[in-house]
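A short write-up of the structure that comes next.
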Amino acid sequence: MAGTGFFGWLRSNSEHYLLIAAHQKLARTQGAPAPRPPRGAKDIFWLRVFAPTYALLPWSLRSRIMRAMPGSHRQTWADPPRPQGPAV
């Protein structure tokens with residue numbers, strides 16, 4: 001799971017169900033077999049409420065929400081090491 005606690009759980013579930021929703025959309029557009037339909041309240045919420053709502057949000061808002069949540073997506077890349085040695 002990405003991170004720990006509530007935000008890790010949220011990120012893990014979000015990624016999982018957004019991926020399934022993307023597979024469903026791709027299957028519809030390509031005429032391919034779709035992933036299994038949602039089963040139970042959890043699947044229905046994530047696939048019928050969360051994923052479509054998330055898709056409607058503008059990127060600027062999605063980005064702000066992600067940056068506000070603790071987790072690995074907030075980490076920045078370290079600067080590359082400075083070249084050293086006789087070839088520099």
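Start at 1 with the first residue, then count along the sequence.
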Show me the donor-acceptor pairs within less than 3.5 Å that the side chains of residues 22-30 make with the rest of the protein, sequence neighbours left out.
| residue | atom | partner | partner atom | Å |
| --- | --- | --- | --- | --- |
| Thr29 | OG1 | Lys25 | O | 3.4 |
| Thr29 | OG1 | Leu26 | O | 3.0 |

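Both Met66 and Tyr17 are assigned to one and the same hydrophobic cluster, defined by single-linkage of ILVMFWY side chains at heavy-atom distances under 4.5 Å. Leu19 and Val49 fall into different hydrophobic clusters, where Ile, Leu, Val, Met, Phe, Trp and Tyr are joined by side-chain heavy atoms under 4.5 Å apart, directly or via other members. One hydrophobic cluster, built from ILVMFWY side chains closer than 4.5 Å, cannot hold both Leu10 and Ile44; they sit in different ones.
Not a single side chain to side chain contact (heavy atoms under 4.5 Å, CB included) links Leu56 to another residue, sequence neighbours left out. By the side chain to side chain contact (heavy atoms under 4.5 Å, CB included) test, Pro81 is found to be paired with no residue, residues two or more places apart in sequence or in another chain being considered. Annotation: side chain to side chain donor-acceptor pair (under 3.5 Å) contacts of Ser14 (sequence neighbours excluded): none. Partners of Arg36 by salt bridge (charged side-chain N to carboxylate O under 4.0 Å, His left out), not counting sequence neighbours, listed by chain and number: Asp43.
Residue pairs meeting the ring-ring contact (aromatic ring centres under 6.0 Å, His included) criterion with at least one member in residues 48-70, sequence neighbours excluded, are Trp46-Phe50, Phe50-Tyr54.
Atom NZ of Lys42 is separated from atom CG of Leu47 by 10.5 Å, given to the nearest 0.5 angstrom.
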For the pair Arg62 and Ile65, evaluate side chain to side chain contact (heavy atoms under 4.5 Å, CB included) and give the outcome as yes or no after the intermediate values. CA-CA 5 Å; Arg62 285 190 240 172; Ile65 291 168; 5.8 Å; no

